[in-house]
Amino acid sequence: MPVRAVPTPTPRRAAALLLAACLAGQPALAEPEVVNLYTARHYQTDERLYSDFTKATGIAINRIEGKEDEIIERIRQEGANSPADVLLTVDMGRLWRAEQAGILAPLKSAVLEVRLPAHLRDPAGRWFGFSTRARVIAYARDRVKPDQVATYDDLAAPALKGKVCVRSGSHVYNLSLLASMIAADGEEKAEAWARGVVANFARPPQGGDTDQMKAIAAGQCDVGLVNTYYYVRALNSPAAADKAMVANLAVAMPGQQGRGTHVNVSGAGLVKTAPHRAAAVRFLEYLAGDAAQIHFADGNNEWPAVAGLRTANPGLASLGTFKTDTIDLALIGKHQARAQAIFDKVGWK
Ligand code: FE
């Protein structure tokens, strides 16, 4: 598993420091405080987020990086001896997996409860959403009219037959979207929708969200499901290939006349066996502060979870404000397994 650890002082080095202090006749230095952060995030802008925290508190951030599902599994396998203090990952479906694996501790924090909207955090405090992303419909401006992609249901309408590109039905982003439909409309309607989208496929599910945008740009299909940050990343990119990809692309925020566009989170939780619990709680609370919120969200072209904050991000700003589905995110976790069963049943591979 590709995991990169940023080194902390080793016991031998700590002992050497202690010895040096004793020899100099000075009081021994206290063990430096640290938070072991298990994270799937690897954005340049996050460096500033961590260094600002260390500057303000003297607590070092020791990052252990890996892929989302692998990090959860690693903490589970490490068990009581895990050095993990905080798990940081993306999508409610994965926070749910971590919760179900029993690796997260319920945390009561007045700071987090006041700062973060109730629908973006676990009532029991096992996970907290720190930024949001929306799952939207990307489409070719010259071939699709906005009123053809006003709702998620439109993706299943006969008008888009042979024109829809999507990634796998076992990917957490699609599972979470379908789970939100199960929660809002029931299994029967959710299954009918999934079946309708499968009937409209331009090609078998493949690639990631950016690959769907590439396929639209290349004329292989006209519409696709994408998370907003992939689109915004391309919009903000100076690269010629990205400029060419988005030139004829637009995104629609589905469900504006209904319950709103599906929104998910990047989030974190306190690990049950955290060896540095107090420092870990300080870090989680720091992430909900104004400056940290802006850095955290902007690092991946997302929106801060704290209301009323604006990032200086032209691509994100171009999406404007829109109505979001404020469904209890815990329901999205709860319906993951049903969502997978439906995708399997209708052949959304
Ligand atoms: Fe992603």
Side-chain angles (χ1 to χ4, degrees), residues 1-4 37-46 49 63 65-73 87-98 120 127-138 152 165-180 205-217 223-237 239 241-242 245-246 249 251 253-254 261-269 287 295-305 311 313 315-316 319 324-325 329 332-333 336 339-340 343 348:
M1 165 177 138
V3 169
R4 190 167 69 82
L37 174 67
Y38 279 45
T39 176
R41 284 172 67 98
H42 39 80
Y43 312 119
Q44 282 284 309
T45 41
D46 281 2
L49 189 68
R63 258 176 309 149
E65 295 179 349
K67 289 208 169 131
E68 290 88 353
D69 292 327
E70 291 169 352
I71 282 178
I72 294 170
E73 185 52 22
L87 169 72
L88 178 56
T89 190
V90 299
D91 202 282
M92 185 52 227
R94 291 206 182 93
L95 290 167
W96 172 260
R97 282 175 206 172
L120 298 181
W127 49 263
F128 300 88
F130 288 104
S131 62
T132 61
R133 66 272 297 282
R135 193 139 185 80
V136 300
I137 302 174
Y152 294 107
C165 274
V166 287
R167 75 192 299 166
S168 168
S170 50
H171 194 275
V172 74
Y173 301 160
N174 286 335
L175 290 170
S176 290
L177 174 63
L178 188 60
S180 76
Q206 57 196 268
D209 286 4
T210 300
D211 294 307
Q212 314 315 318
M213 293 192 288
K214 283 181 186 164
I216 296 167
V223 302
L225 276 170
V226 300
N227 279 357
T228 39
Y229 56 88
Y230 292 109
Y231 175 69
V232 172
R233 185 159 75 195
L235 269 187
N236 288 341
S237 168
D242 290 324
M245 183 179 77
V246 295
L249 274 188
V251 294
M253 303 299 181
T261 300
H262 170 68
V263 161
N264 212 303
V265 290
S266 267
L287 288 181
H295 271 306
F296 186 93
D298 216 19
N300 190 32
N301 297 300
E302 295 180 88
W303 291 279
T311 70
N313 183 324
L316 203 56
L319 298 183
T324 63
D325 184 3
L329 282 182
I332 288 173
Q336 293 278 311
Q340 185 66 74
F343 279 143
W348 187 327

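What you see below is based on every heavy atom in this structure, not just the backbone, and it leaves out hydrogens, waters and symmetry mates. Counting starts at 1 for both ligands and their atoms, following the listed order.
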> Do the ring planes of Tyr173 and Tyr230 sit parallel (below 30°), tilted (30 to 60°) or perpendicular (above 60°)?
Replying inline: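 It falls in the tilted class, 30° to 60°.
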> Do Phe296 and Leu88 come close enough that some side-chain heavy atom pair is under 4.5 Å?
Replying inline: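 Yes. Closest side-chain heavy atoms under 4.5 Å.
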> Trp96 versus Asp91: any side-chain heavy-atom pair under 4.5 Å?
Replying inline: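 Result no, sub-4.5 Å side-chain heavy-atom pair not found.
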>> Using the side-chain contact (heavy atoms from CB on, under 4.5 Å) criterion, which residues pair with Thr132? Sequence neighbours excluded.
In response: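 Testing Thr132 for side-chain contact (heavy atoms from CB on, under 4.5 Å), a comparison that skips the adjacent residues, returns Leu120, Val263, Val265, Trp303.
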> Looking at residues at least two apart in the chain, or sitting in another chain, which of them share a salt bridge (charged side-chain N to carboxylate O under 4.0 Å, His left out) with Arg135?
Replying inline: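 Result, salt bridge (charged side-chain N to carboxylate O under 4.0 Å, His left out) vs Arg135: Asp209.
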>> Under the rule for salt bridge (charged side-chain N to carboxylate O under 4.0 Å, His left out), what residues qualify as partners of Asp69, not counting sequence neighbours?
In response: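 Asp69 satisfies salt bridge (charged side-chain N to carboxylate O under 4.0 Å, His left out) with Arg94, Arg97 only.
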> Ignoring water, what protein N, O or S atoms are under 2.8 Å from the Fe ion (ligand 1)?
Replying inline: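 For the Fe ion (ligand 1), the protein N, O and S atoms that sit under 2.8 Å away are Tyr173 OH, Tyr229 OH, Tyr230 OH.
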